[in-house]
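Notes follow once the structure below has been shown.
We count residues from 1, following the sequence as given.
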Amino acid sequence: MTPQDHAQAAAELLQAEKTGQQIGLLSLRHPEMGMDDAYAIQTAIHQAKLARGRRVIGWKIGLTSKAMQYTLNIDIPDSGILFDDMLFADGGRIPKGRFIQPRIEAEIAFIMKTAIGGSNVTRTDVLTATDYVAPALEILDTRIARQDHATGQSRNVFDTISDNAANAGVVLGAQRHSVDAFDLRWVGAITSRNRQVEETGLGAGVLNDPVESVVWLARRMAQYGQRIEPGQIVLSGSFIRPVECPSGTEIAADFGPFGTVEIGFA
């Protein structure tokens, strides 16, 4: 793909977000597309949003579980950017029409007190840089069609990364914990939709330890001259499958002693 292709794809994805009308698979239009192309498109979206006055408040890490990696035939996670208009209040309600095909995932959020970055970031570095951890929901959406109707081809990881790793929102629970207050591998959530349990999981599903997920992100960002900044949120990755959230959905995630987090969709 050329830089012009990257810019065109980014413009189409921004328009899809604005209008609620999905675009076709970029991977079908550009079969030569690779990982660098996908992140170049995401970067173009990033720059366009900054130019429009948006502010980066953090990062999300996706594809951290083996199940999702096997599904997309990829062996590494991906990442996306959290902007200030993506933060929703715990117990709040998402306006109807805000998203196209929203889904949610349960995650552990890291909120950073100091900057962290570099290709040699360690687990100790992440623990030292973390202000606190909290229960969280990530809201996913897709500005790219999940499947091409004519060919039956499904979107692949390059489509997803281009689309800001399907990132759409974040909900932080009220509880705050020191990063060493819990063994995060054993922090889990019972996630319910309209009072019916849909998914359960443990933090160990995230690269065996959510802290290692943040290590991965910091090292990946170093390849692009970036770092995680103080005060930013890092969504460390989901340990449940995505839960569909059509209009009228009420979501509640019970993390036990770690806390709770809820959101509704009008």
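Among Glu12, His6, Gln4, the one residue that satisfies the side chain to side chain donor-acceptor pair (under 3.5 Å) test with Gln8 is Glu12. Of the listed residues (Val214, Val211, Thr122), just one forms a side chain to side chain contact (heavy atoms under 4.5 Å, CB included) with Leu127, and that residue is Val211.
Side chains of Thr191 and Ile104 form a contact here, defined as non-hydrogen atoms less than 4.5 Å apart. Two residues are said to be in side-chain contact when any heavy atoms from C-beta on lie closer than 4.5 Å; Arg54 and Asp85 meet this criterion. The side-chain heavy atoms of Asn164 and Lys49, taken from C-beta on, include no pair separated by under 4.5 Å. The shortest side-chain heavy-atom distance between Leu202 and Arg185 does not fall under the 4.5 Å cut-off. Using a 4.5 Å heavy-atom cutoff, the side chains of Ile81 and Asn167 are not in contact. Between Ser238 and Glu107, the closest side-chain pair of non-hydrogen atoms falls below 4.5 Å. Between Met1 and Ile41, the closest side-chain pair of non-hydrogen atoms falls below 4.5 Å. Residues Val170 and Leu235 meet the side-chain proximity criterion, which asks for heavy atoms closer than 4.5 Å.
Taking both residues in full, the closest heavy atoms of Phe88 and Met86 are given as CD1-O, 3.2 Å, listed atom of the first, atom of the second, then distance. The minimum heavy-atom distance linking Gln175 with Ala134 is given by the pair O-CB, 3.3 Å. Residues Val243 and Cys245 come closest through the heavy atom pair O-SG, 3.4 Å. Looking at every heavy atom in both residues, Ile228 comes nearest to Val234 through CG2-CG2, 3.9 Å. The shortest heavy-atom contact between Val261 and Ala136 is CG1-C, 4.0 Å. Across all their heavy atoms, Ile111 and Gly231 have their closest contact at CG2-O, 4.2 Å.
With sequence neighbours excluded, the residues satisfying side chain to side chain contact (heavy atoms under 4.5 Å, CB included) with Thr43 are Gln47. Every residue two or more places apart in sequence or in another chain that forms a ring-ring contact (aromatic ring centres under 6.0 Å, His included) with Phe182 is listed here: His177, Phe258.
Cluster membership check: Ile94 shares its hydrophobic cluster with Leu87, using side-chain heavy-atom separations under 4.5 Å among Ile, Leu, Val, Met, Phe, Trp and Tyr.
In this structure, the separation between CG on Asp5 and CD on Glu32 is 7.0 Å, given to the nearest 0.5 Å. One finds the CD atom of Glu250 at 9.5 Å from the CZ atom of Phe265 (value rounded to the nearest 0.5 Å). Considering OG1 of Thr160 and CG of Leu63, their distance stands at 7.0 Å, rounded to 0.5 Å. In this structure, OG1 in Thr200 is found 8.5 Å from CD1 in Ile240, a value given to the nearest 0.5 Å. Atoms CZ and CE, from Arg227 and Met112 in turn, are 11.5 Å apart once rounded to the nearest 0.5 Å. Taking CD of Glu17 as the reference point, atom OG1 of Thr142 lies at 11.5 Å (rounded to 0.5 Å).
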Review point. Could you go step by step and tell me if Leu26 and Phe158 meet the side chain to side chain contact (heavy atoms under 4.5 Å, CB included) rule?
Key: CA-CA 8 Å; Leu26 293 174; Phe158 304 138; over 6 Å; no
Exercise for review: Could you please spell out the steps behind the side chain to side chain donor-acceptor pair (under 3.5 Å) verdict for Asp159 and Ser27?
Suggested key: CA-CA 6 Å; Asp159 292 299; Ser27 58; 2.6 Å; yes
Practice item. Test side chain to side chain contact (heavy atoms under 4.5 Å, CB included) on Glu262 and Asp90 and set out the steps. Key: CA-CA 6 Å; Glu262 301 181 2; Asp90 183 18; 4.1 Å; yes
Exercise for review: Applying side chain to side chain donor-acceptor pair (under 3.5 Å), run through Gln101 and Arg146 and close with a yes or a no.
Suggested key: CA-CA 10 Å; Gln101 293 179 328; Arg146 296 186 190 180; 3.1 Å; yes
Practice item. Carefully, step by step, assess Tyr132 and Ser178 under the rule side chain to side chain contact (heavy atoms under 4.5 Å, CB included). Key: CA-CA 5 Å; Tyr132 59 87; Ser178 170; over 6 Å; no
Review point. Under the side chain to side chain contact (heavy atoms under 4.5 Å, CB included) criterion, do Lys113 and Thr130 qualify, and how do the steps go?
Key: CA-CA 6 Å; Lys113 63 183 174 185; Thr130 300; over 6 Å; no
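Side chains of Asp125 and Thr128: a donor-acceptor N/O pair is absent below 3.5 angstrom, by distance only. Side-chain atoms of Asp148 and Thr151 include a donor-acceptor pair closer than 3.5 Å.
With hydrogens and angles disregarded, no donor-acceptor distance shorter than 3.5 Å links the side chain of Glu198 to the backbone of Ser192. When atom types are taken as modelled, the side chain of Asp78 and the backbone of Ala165 share no donor-acceptor pair closer than 3.5 angstrom. Judged by distance alone, the side chain of Arg193 and the main-chain N or O of Glu244 form a donor-acceptor pair under 3.5 Å. Side-chain N or O atoms of Thr64 include none that pairs as donor or acceptor with a backbone N or O of Pro77 at under 3.5 Å. Judged purely by atom type and a 3.5 angstrom limit, Ser162 has no side-chain atom pairing as donor or acceptor with the backbone of Gln42.
When hydrophobic residues (I, L, V, M, F, W, Y) are linked wherever their side-chain heavy atoms come within less than 4.5 Å, Ile100 remains an isolated member.
Within a 6.0 Å radius of CG in Asn120, other residues, nucleotides and ligands contribute 12 heavy atoms or fewer. No more than 12 heavy-atom neighbours from other residues, nucleotides or ligands sit within 6.0 angstrom of CD1 on Ile190.
Residues Lys60 and Glu138 are paired through a salt bridge, judged by an N-O separation under 4.0 Å between the basic side chain and the carboxylate. Salt bridge annotation for Arg103-Glu105: absent, with no cationic side-chain nitrogen under 4.0 angstrom from a carboxylate oxygen. The pair Asp209-Arg123 counts as a salt bridge, with a side-chain nitrogen and a carboxylate oxygen less than 4.0 angstrom apart.
Because its NZ or CZ atom is both nearer than 6.0 Å to the ring centre of Tyr39 and within 45° of the ring axis, Arg220 counts as a cation-pi partner of that residue.
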